[in-house]
Amino acid sequence: MSNIVAIVGRPNVGKSTLYNRLTESRKAIVDDVSGVTRDRHYGVAEWVGRTFTVIDTGGYVANSEDVFEAAIREQVVIALEEATAILFVVDVTTGITDLDDDIAALLRKSKKPVLVVVNKVDNNAQQADATVFYSFGLGEIYNISSMTGSGTGELLDELIKSFDEEPVEENTLPKYAIVGRPNVGKSSLINALIGKQRNIVTPVAGTTRDSIHIHYNQFGHEFMLIDTAGLRKKTKVKENIEFYSVMRTIKALEEADVIVLMIDAIEGIESQDINIFHLAEKNKKGIVLVVNKWDLIEKNNKTLKEFEEQIREKTAPFTDVPIVFTSVTEKQRIMKVIETAELVYANRSKKVATSALNDVMLPIIENYPPPALKGKFVKIKYITQIKGTSPMFAFFCNLPQYVKEPYRRFIENKLRENFNFSGVPVQIFFRQK
Ligand code: GDP
Ligand code: GDP
């Protein structure tokens, strides 16, 4: 299920403020200076039970003036190709500028859903000013104030109408996406796996022309690989290479069951890698970390452990994730990557019998019950796994609101110790009974 919403528009209209509101991230920096480097440019948003990925294109624009407008126009083109829907943000306080007109012209050519978002409509008087934006010929306009949040509800109601229906899963093979920054060795890994059989690469119906799905069926392993490296698109503006690769990665990530996140051993794990990791975690995908180019590292008996600790520190609190150290060029541990992805896939699809859950977890809980709060005791009565694509557990108890985060974490760790959910996000709910 892949719904990606791109926020486009010229600088300073409020894209980043809107992004923050939709993803409720307090981390990204909003700055009056346009073109500032921001922390995170994509994240998960939710509205009436539908989750989708939002990408703030403003984060990918370079500082230099001469590439600025060309880069923005190209981003709109990329966003139109890759996203499910576009939020075209304009600013009521400035009215229509030339760059707004240029962007509108690009958007009019597309069949993708485009919503015109008139931002900074902070009061009623400005509602009237907003009507000039009908002249884009892009249909209805949505007046909002990203600052206060007013109008965003109606915008989101309309936005989710443009999403695809939940698809009926016609291909039930496990899907593994190979992702990672440029040059980590993604193409090399895929080549090593499929070798001369490149011709088995078949575009699968329902995916876009840019998304390569490879059907692997050899040596008793059968799965789909989603390749984000195979097709390298030429961008005219070099600043957009990262933007393009992020769009491709998000898309692959949403389609996949397990994310194989490749890291360069020389460079170590970087903020971009961690962003992808967290996005996979939020999307409840399985994760395998692959540290490639291990041949280039000078090793002693502590190297592996130190490397692992460094990764765990940066990916905390989700540390129950397998790490495979590979050298693709030396053909070291390539099949181990696949076997690990298969294991994580199995963990993600695992169904634990209610009897086994209760037999194991109730004595643990009895030994170490939730701490009493305001003199009240929480009594957990029974546990079941909830049906879903990733592991979810309901703990039925008398006072669910009294169970706090540290205890939830304790329960999660015990589930992991006893049932093996390595590489898989686990959700735990305390429910009234
Ligand atoms: P971006 O460059 O398009 O991402 O724009 P930003 O989100 O960085 O916002 C540019 C400026 O507009 C900042 O000073 C924001 O505080 C301000 N801004 C954003 N949304 C609103 C709004 O709804 N009302 C008002 N009055 N200001 C806003
Ligand atoms: P991609 O951009 O992630 O697809 O990366 P490529 O597969 O194109 O690899 C980038 C470069 O790294 C190429 O020159 C590869 O030969 C090299 N490379 C890939 N894997 C390894 C490895 O395990 N060890 C070493 N030393 N080089 C590697």
Side-chain angles (χ1 to χ4, degrees), residues 1 3 22-26 43-53 153 156-157 160 163 165-169 172 254 257-258 278-287 315-321 343-433:
M1 180 74 268
N3 284 308
L22 297 184
T23 58
E24 285 172 345
S25 84
R26 278 149 218 102
V44 179
E46 191 190 331
W47 185 248
V48 293
R50 296 297 298 267
T51 55
F52 51 97
T53 302
L156 288 168
D157 283 342
I160 59 171
F163 290 167
E165 288 302 310
E166 299 282 343
V168 217
E169 197 61 59
T172 50
E254 298 217 345
D257 303 302
V258 176
H278 288 313
L279 193 65
E281 187 188 354
K282 276 194 185 162
N283 277 294
K284 316 292 173 217
K285 302 297 185 175
I287 306 176
T315 55
F318 185 21
T319 53
D320 185 16
V321 177
L343 187 79
V344 169
Y345 180 84
N347 287 348
R348 187 167 180 259
S349 334
K350 186 177 292 177
K351 304 281 176 272
V352 184
T354 304
S355 57
L357 257 181
N358 286 278
D359 288 352
V360 170
M361 294 304 289
L362 287 179
I364 292 172
I365 290 165
E366 193 151 349
N367 250 334
Y368 185 74
L373 205 73
K374 300 179 200 156
K376 297 219 163 94
F377 293 90
V378 182
K379 176 91 183 106
I380 294 172
K381 292 166 186 162
Y382 71 95
I383 311 141
T384 63
Q385 183 169 358
I386 308 168
K387 211 166 167 280
T389 49
S390 69
M392 291 186 272
F393 298 92
F395 285 69
F396 290 95
C397 56
N398 57 339
L399 296 162
Q401 70 278 20
Y402 280 38
V403 183
K404 300 297 175 209
E405 181 57 23
Y407 196 76
R408 199 204 58 75
R409 206 146 264 301
F410 165 78
I411 291 287
E412 176 178 339
N413 289 337
K414 289 296 166 192
L415 281 170
R416 289 184 182 282
E417 278 170 32
N418 286 282
F419 299 105
N420 188 8
F421 290 109
S422 180
V424 181
V426 169
Q427 290 168 279
I428 292 164
F429 305 98
F430 294 93
R431 295 256 170 91
Q432 182 76 50
K433 187 73 197 180

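Below, all heavy atoms of this structure are taken into account, side chains as well, without hydrogens, waters or symmetry copies. Computed from a prediction, not measured in an experiment: that's the story for all the values here.
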In a check of salt bridge (charged side-chain N to carboxylate O under 4.0 Å, His left out) between Asp257 and each of Arg348, Lys284, Lys285, which one passes?
Arg348

Parallel, tilted or perpendicular: which one describes the rings of Phe396 and Tyr382, with boundaries at 30° and 60°?
parallel

Looking at every non-hydrogen atom in both residues, tell me the closest pair between Gly43 and Thr23 and how far apart they are.
C-CG2, 3.9 Å

As a quick check of understanding, evaluate side chain to side chain contact (heavy atoms under 4.5 Å, CB included) for Asp157 and Trp47, giving each step before the final call.
CA-CA 8 Å; Asp157 283 342; Trp47 185 248; 2.8 Å; yes

Evaluate whether atom NZ of Lys351 has more than 12 neighbouring non-hydrogen atoms of other residues, nucleotides or ligands under 6.0 angstrom away.
yes

Taking Phe377's backbone N and O only, do any of them form a donor-acceptor pair with Asn398's side chain (distance below 3.5 Å, no angle check)?
yes

I need the full list of salt bridge (Lys or Arg N to Asp or Glu O under 4.0 Å) pairs touching residues 410-425, with sequence neighbours left out, sorted by first then second residue.
Asp320-Arg416, Arg408-Glu412, Glu412-Arg416, Lys414-Glu417

Is the distance from the ring center of Phe419 to that of Phe393 below 6.0 Å?
no

Between Leu415 and Ile428 the two heavy atoms that sit nearest each other are CD1-CD1, 3.8 Å

Taking all heavy atoms of Pro391 and all of Asn347, pick out the closest pair and write down the distance.
CG-O, 3.9 Å

With heavy-atom distances below 4.5 Å as the criterion, would you say the side chains of Arg50 and Leu156 are in contact?
no

Please tabulate, for side-chain N and O atoms in residues 356-369, each donor-acceptor pair with protein atoms closer than 3.5 Å (sequence neighbours left out).
unit_1	atom_1	unit_2	atom_2	d
Asn358	OD1	Ile383	N	2.9
Asn358	ND2	Thr354	O	2.7
Asn358	ND2	Ile383	O	2.9

Evaluate whether atom NZ of Lys404 has more than 12 neighbouring non-hydrogen atoms of other residues, nucleotides or ligands under 6.0 angstrom away.
yes

Any idea which heavy atoms bring Pro425 and Phe318 closest together, and the distance?
N-CZ, 3.7 Å

CD of Glu254 to OG1 of Thr51: how many Å apart, nearest 0.5 Å?
7.5 Å

Under the side chain to side chain contact (heavy atoms under 4.5 Å, CB included) rule, what do Glu281 and Thr315 come out as? Steps first, then yes or no, please.
CA-CA 10 Å; Glu281 187 188 354; Thr315 55; over 6 Å; no

Would you say that Arg431 contacts Ile386 through its side chain, given a criterion of any heavy-atom pair below 4.5 Å between the two side chains?
yes

Minimum heavy-atom distance between Pro370 and Ile380, given as atom pair plus value
CG-CD1, 4.1 Å

Check whether any side-chain heavy atom of His278 lies under 4.5 Å from a side-chain heavy atom of Lys282, and answer yes or no.
no

Full working for side chain to side chain contact (heavy atoms under 4.5 Å, CB included) between Val48 and Ile160:
CA-CA 9 Å; Val48 293; Ile160 59 171; 3.2 Å; yes

For a quick test of reading the model, state the closest non-hydrogen atom pair linking Val352 to Phe421 and the distance between them.
CG2-CZ, 4.0 Å

Do side-chain atoms of Asn3 reach the backbone of Phe52 as a donor and acceptor pair under 3.5 angstrom?
no

Met392 CE to Thr389 OG1 distance, which is reported to the nearest 0.5 Å
6.5 Å

